[in-house]
Amino acid sequence: MTGDKPKSAYEDDGAASDREAAPVNFIKHIIDKDIQTGKYDGHVTTRFPPEPNGYLHIGHAKSICLNFGLAEHYGGICHLRFDDTNPLRENTEYVESIIEDVRWLGFDWKDNLYYASDYFDRLYTYAVQLIRKKKAYVDSLSTDEIREFRGTLNEPGKKSPYRDRPVEENLALFEKMAAGAFEEGTCVLRAKIDMAAPNIVMRDPTLYRIRKKSHHRTGERWCVYPMYDFAHCLSDSIEKITHSLCTLEFVNNRELYDWILDALEVYHPQQIEFARLNLSYTVLSKRRLIQLVEEGYVNGWGDPRMPTLSGLRRRGYTPGAIRKFCDVIGVARRDSMVDISLLEHCQREELNVSAPRVMAVLNPLRVVIENYPDGEGEMLEAVNNPEDASMGTRNVPFSRVIYIEKEDFMEEPPKKFFRLAPDREVRLRYAYFIRCRGVIKDEHGEVVELRCTYDPETRGGNTPPDGRKVKATLHWVSERHALSAPVRLYDHLFRVENPQAANDFRGHINPASLTEAASAKLEPALKDARPGMHYQFERLGYFYTDPKESTDDHPVFNRVVTLRDTWAKIRKKQNAGG
RNA sequence: UGAGGGUUGGUCUAGAGGCAAGACGACGGGUUCUGGCCCCGUUAACCCAGGUUCGAAUCCUGGACCCUCAGCCA
């Protein structure tokens with residue numbers, strides 16, 4: 001078969017890449033076919049085209065990974081292009097954050113950084129060409145009239161009385177629009193297509209509108225600005241994009257994308273649509289994200305609870321985990337809701353092999369080891385990462401008084417609770433077996449201290465000569481040596497799986513999305529923590545020294561994600577069962 | 001009720017006329033100085049009805065349901 005040869009050649013290319021082979025998807029099938037038929041001379045050029053009017057979120061990451069990933073896979077290039085055609089909403093703060101975020105994700109557009117606003121002169125010329133071809137006209141209807149004339153989903157629209165203005169008049173009018181002779185809203189340039197088109201996008205869509213507003217890049221140069229439908233396809237064409245990927249809500253616009261390029265007889269990329277990402281327990285629409293920020297439900301776009309790339313970064317999510325996530329969710333055309341646990345899984349998978357382990361007690365309970373000599377202490381060796389021996393070991397100080405986690409002791413342990421309880425013995429990680437001999441309570445009956453004894457023969461946490469086993473190993477911190485630091489515990493921003501479906505999504509914000517462990521006690525090795533470092537707090541989760549609030553001397557920890565917690569699941573089931 | 005897009009286990013994704021596959025989750029077990037990691041196993045899906053075919057998730061016909069569009073937003 002003749003078709004086999006080129007195909008296997010591409011497979012070889014893919015295998016040569018040191019990045020994990022991304023799964024096949026329908027877009028790759030299309031591109032493979034285009035390469036076989038020589039549609040674009042075998043080239044693949046994509047682009048990521050954000051509008052600089054908000055911060056990038058994990059949904060954008062899907063598009064970024066797709067566009068840059070495809071270009072890389074096929075040996076092509078991916079442009080970064082700002083779709084900045086609306087000076088009302090766009091500014092350089094957003095441009096800068098977007099550049100930072102795409103870079104952080106790990107992608108490189110080389111020198112292919114573009115702005116739709118760079119093309120304003122050419123776009124204007126294209127518009128003039130369209131007028132000359134009798135395919136565009138200046139309409140002097142008001143906004144309301146245009147809406148009325150458009151018709152409805154079921155009824156055709158009506159032609160504007162200005163629709164058949166002669167070419168010369170349109171030319172003169174458009175020129176005056178551009179020169180600032182008209183006020184905003186008094187006229188627009190429209191494509192002359194078909195007011196009865198079943199696809200409403202084709203009912204003489206607006207191409208240019210008047211905006212007497214300074215643009216973040218072109219300043220006062222223009223007072224007419226192209227609409228998305230006009231600017232986008234032509235920007236793609238100018239940049240010789242081969243495959244123009246966008247989300248499903250633009251399917252209806254593809255007809256217009258094709259119409260404009262055909263009318264102007266210019267290079268014609270193909271638009272391919274895919275389903276946007278929806279993630280459970282959060283929101284990903286720009287409108288809702290802005291609301292969260294502006295109404296103060298979160299602390300800005302970069303709040304660690306936000307699904308923005310800046311928020312995820314601040315929280316401690318890593319670019320590798322996000323890329324992996326974008327790989328495993330795949331790309332298709334059906335609406336879907338990805339479970340956020342998949343994102344969390346990808347993050348754990350990466351940090352499991354890379355994050356040094358350390359002991360920290362978030363909710364301390366004092367434990368006095370009665371048979372351990374007062375005032376003495378010793379260093380015990382702990383491994384830094386059982387997944388990676390090359391990360392070495394460290395020494396952890398032990399002494400008579402230590403802290404353990406409050407939740408690791410229960411006076412009346414239920415079934416399947418393996419941790420400390422009166423008269424029960426457990427292991428202190430890397431230290432000793434201890435047995436609980438007494439419980440001290442305050443006036444409210446709350447347990448405030450445990451009295452325990454230790455077995456010297458279990459030093460290092462090893463099984464004693466008599467072969468005695470324990471069912472649990474607890475993390476701990478020596479009181480005398482403990483460091484203190486604020487630890488912020490982040491959880492899902494919303495209590496419901498699909499807050500977007502709610503009447504008012506704000507009513508479902510998780511009140512416990514941020515809690516602080518104010519009296520956390522940390523092992524002294526954490527004195528080396530600097531802003532922007534990852535750790536696993538053993539038995540608790542992965543933590544990150546907040547890059548903004550930490551200083552070299554005073555780290556602030558963010559919980560990125562908990563460890564999988566089998567006991568929490570058992571307890572939940574027990575509680576549910578009564 | 002116009003046009004367009006869509007429907008495969010709980011979730012996401014493969015499948016292109018020939019054994020419905022993988023990941024996540026859930027459940028059970030093994031291992032373990034993290035109730036983590038790892039390992040093993042179980043569970044569980046082609047929207048419906050017809051048709052074509054030796055054979056249909058896949059092709060055809062009809063239907064149901066979901067999503068998008070009536071910005072001078074993108």
Side-chain angles (χ1 to χ4, degrees), chain A residues 23-26 29 49-51 53 83 85-86 88-90 139 141-143 146-148 150-157 184-190 196-203 205-211 224-225 227-229 231-232 246-255 273 275 277 280 286 327-339 341-346 348-349 352-353 357 359 382-383 386-387 416-419 427-431 433 458 460-463 470-475 497 536-541 562-570:
Chain A
V24 294
N25 57 52
F26 77 99
H29 288 307
E51 182 189 14
N53 72 338
D83 216 340
T85 58
N86 186 354
L88 257 37
R89 323 202 305 177
E90 298 149 5
D139 195 353
L141 249 27
S142 71
T143 307
I146 286 182
R147 183 165 50 241
E148 284 165 28
R150 186 153 33 225
T152 70
L153 295 177
N154 296 309
E155 302 153 323
E184 287 185 17
T186 55
C187 53
V188 292
L189 184 74
R190 289 232 253 170
N199 179 0
I200 290 179
V201 171
M202 300 300 279
R203 316 241 260 233
T206 302
L207 267 20
Y208 266 89
R209 77 288 217 193
I210 299 169
R211 285 277 176 276
V224 289
Y225 292 91
M227 298 287 290
Y228 162 85
D229 286 304
H232 200 92
C246 62
T247 45
L248 238 32
E249 63 268 28
F250 291 100
V251 171
N252 294 333
N253 298 58
R254 188 176 63 229
E255 193 177 353
E273 311 86 12
L277 173 68
S280 62
K286 209 171 268 184
D327 261 8
V328 301
I329 59 174
V331 182
R333 278 176 81 88
R334 65 170 128 163
D335 294 318
S336 59
M337 168 79 71
V338 176
D339 197 317
S341 68
L342 188 53
L343 211 213
E344 295 168 345
H345 164 81
C346 293
R348 290 189 189 108
E349 193 176 48
N352 177 48
V353 297
R357 316 278 123 128
M359 290 196 285
V383 309
E387 305 289 325
K416 292 191 178 171
F417 181 85
F418 302 144
R419 281 107 100 143
R427 169 169 34 234
L428 294 177
R429 184 115 158 116
Y430 300 123
F433 285 14
T458 58
N462 295 316
T463 304
V470 289
K471 292 185 88 172
T473 298
L474 309 186
H475 61 278
E497 202 171 300
Q536 183 196 106
F537 288 1
E538 291 219 29
R539 304 210 304 134
L540 296 174
T562 61
L563 254 27
R564 270 184 86 229
D565 190 346
T566 307
W567 166 240
K569 269 188 287 193
I570 294 168

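Sequence lines set the chain letters: A, B, ... in the order given, protein chains first and strands last, and positions in each chain run from 1. Here the structure is a predicted model, which is why all the values come from computation and not from measurement.
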Problem - Atom C1', compared across B:rU58 and B:rC46: separation rounded to whole Å - result: 10 Å
Practice task
Return the value, rounded to whole Å, for the distance between atom CZ of A:R333 and atom P of B:rG5.
Solution key: 7 Å
Exercise for the section: Any strand is fair game: report the nucleotide pairing with B:rU11 by Watson-Crick or G-U wobble, both distances under 3.5 Å, or none. Expected result: B:rA23
Practice task
Can you tell me the distance, in whole Å, between the CG atom of A:L343 and the P atom of B:rU11?
Solution key: 19 Å
Completion exercise
Assign each of A:S336 and A:E155 the nucleotide of RNA chain B bearing its closest heavy atom; nearer the 5' end lies the nucleotide of A:E155
Problem - G-U wobble or Watson-Crick pairing nucleotide for B:rU52 (cut-off 3.5 Å, both distances) - result: none
Practice task
Pick base, sugar-phosphate or nothing for A:R357, based on heavy-atom distances below 4.0 Å to the nucleic acid.
Solution key: base
Exercise for the section: Using a 4.0 Å cut-off on protein heavy atoms (strictly under), produce a 5'-to-3' string for nucleotides 67-74 of chain B with B for base contact, S for backbone-only sugar-phosphate contact, and - for none. Expected result: SBBBSBBB
Problem - Under 3.5 Å donor-acceptor, A:R333 side chain and A:L248 backbone - result: no
Problem - Any side-chain heavy-atom pair of A:R539 and A:R429 under 4.5 Å - result: no
Practice task
Mind calculating the distance between OH (A:Y430) and P (B:rU32) to the nearest angstrom?
Solution key: 16 Å
Exercise for the section: Identify the nucleotide, in any strand shown, that forms a Watson-Crick or G-U wobble pair with B:rG2, with both distances under 3.5 Å; if there is none, say none. Expected result: B:rC69
Problem - Whole-Å gap separating P (B:rU1) and CG (A:N154) - result: 9 Å
Problem - Nucleotide nearest A:R564 (side chain, heavy atoms from C-beta), chosen from B:rU11, B:rG5, B:rC37 - result: B:rC37
Practice task
Select base, sugar-phosphate, or nothing to describe what A:I329 touches, counting heavy atoms under 4.0 Å on all strands.
Solution key: sugar-phosphate
Practice task
Measure from the side-chain N and O atoms of A:N199 to the backbone N and O of A:N252, and report whether any donor-acceptor pair falls under 3.5 Å.
Solution key: yes
Practice task
Check whether any side-chain heavy atom of A:N53 lies under 4.5 Å from a side-chain heavy atom of A:N86, and answer yes or no.
Solution key: no
Between protein and nucleic acid, restricted to nucleotides 16-20 of chain B and to nitrogen or oxygen atoms under 3.5 Å apart, what atom pairs and distances do you find?
{"unit_1": "B:rA16", "atom_1": "N6", "unit_2": "A:H29", "atom_2": "ND1", "d": "3.2"}
{"unit_1": "B:rA16", "atom_1": "N6", "unit_2": "A:H29", "atom_2": "NE2", "d": "2.9"}

Practice task
On the 0 to 90° scale, with breaks at 30° and 60°, tag the A:F250-A:Y228 ring pair as parallel, tilted or perpendicular.
Solution key: tilted
Exercise for the section: Determine the Euclidean distance between corresponding P atoms of B:rG63 and B:rG4; express it in Å to zero decimal places. Expected result: 15 Å
Problem - Side-chain donor or acceptor of A:R427 paired with backbone N/O of A:N462 under 3.5 Å - result: no
Practice task
Indicate whether any N or O donor in one side chain lies under 3.5 Å from an N or O acceptor in the other, for A:N154 and A:T152.
Solution key: no
Exercise for the section: State, yes or no, whether a side-chain contact exists between A:R190 and A:T206 at a heavy-atom distance under 4.5 Å. Expected result: yes
Practice task
Take atom P in B:rC48 and the same atom in B:rU42, then report the distance between them in whole Å.
Solution key: 26 Å
Handout entry: Separation of the P atoms in B:rU52 and B:rA56, to the nearest angstrom
Key = 11 Å
Fill in the blank from the handout: To the nearest angstrom, the CZ-P distance between A:R429 and B:rC37 comes to 14 Å
Problem - Residue pair A:R150 / A:E148, side-chain heavy-atom distance below 4.5 Å - result: no
When you compare the protein's N or O atoms with those of nucleotides 38-43 of chain B, which come within less than 3.5 Å of each other, and at what distance?
none

Practice task
Rounded to the nearest angstrom, tell me the gap between atom CD in A:E497 and atom C1' in B:rG25.
Solution key: 12 Å
Practice task
Pick base, sugar-phosphate or nothing for A:F537, based on heavy-atom distances below 4.0 Å to the nucleic acid.
Solution key: nothing
Exercise for the section: Remember a base hit wins even if backbone is also touched, and classify A:M337 as base, sugar-phosphate or nothing at under 4.0 Å, heavy atoms. Expected result: sugar-phosphate
Problem - Phosphate contact (B:rG25 OP1 or OP2) by A:K569 side-chain N/O below 4.0 Å - result: no
Practice task
For B:rG9, decide between syn and anti, treating a glycosidic angle within 90° of 0 as syn.
Solution key: anti
Problem - Side chain to side chain, A:H475 and A:L540, heavy atoms closer than 4.5 Å - result: yes
Practice task
Give A:R348 one of three labels, base, sugar-phosphate or nothing, depending on what nucleic acid heavy atoms sit under 4.0 Å from its own.
Solution key: nothing
Problem - Close side-chain approach of A:L563 and A:F537, heavy atoms under 4.5 Å - result: no
Practice task
Using a 4.0 Å heavy-atom cut-off across all strands, classify A:V331 as base, sugar-phosphate, or nothing.
Solution key: sugar-phosphate
Handout entry: Pairwise C1' distance for B:rA45 and B:rU11, with rounding to whole Å
Key = 12 Å
Practice task
Quote, to the nearest angstrom, the C1' distance that separates B:rA21 from B:rA57.
Solution key: 13 Å
Exercise for the section: Would you mind reporting whether A:V188 and A:I146 have side-chain heavy atoms less than 4.5 Å apart? Expected result: yes
Problem - Gap in Å between the two P atoms, one belonging to B:rC24 and one to B:rG36, rounded - result: 15 Å
Fill in the blank from the handout: To the nearest angstrom, the CD-C1' distance between A:E538 and B:rU34 comes to 5 Å
Practice task
Report the base-pairing partner of B:rC46 (Watson-Crick or G-U wobble, both distances below 3.5 angstrom), or none.
Solution key: none
Exercise for the section: Sticking with atom C1', work out how far B:rU43 lies from B:rU1, rounded to a whole angstrom. Expected result: 44 Å
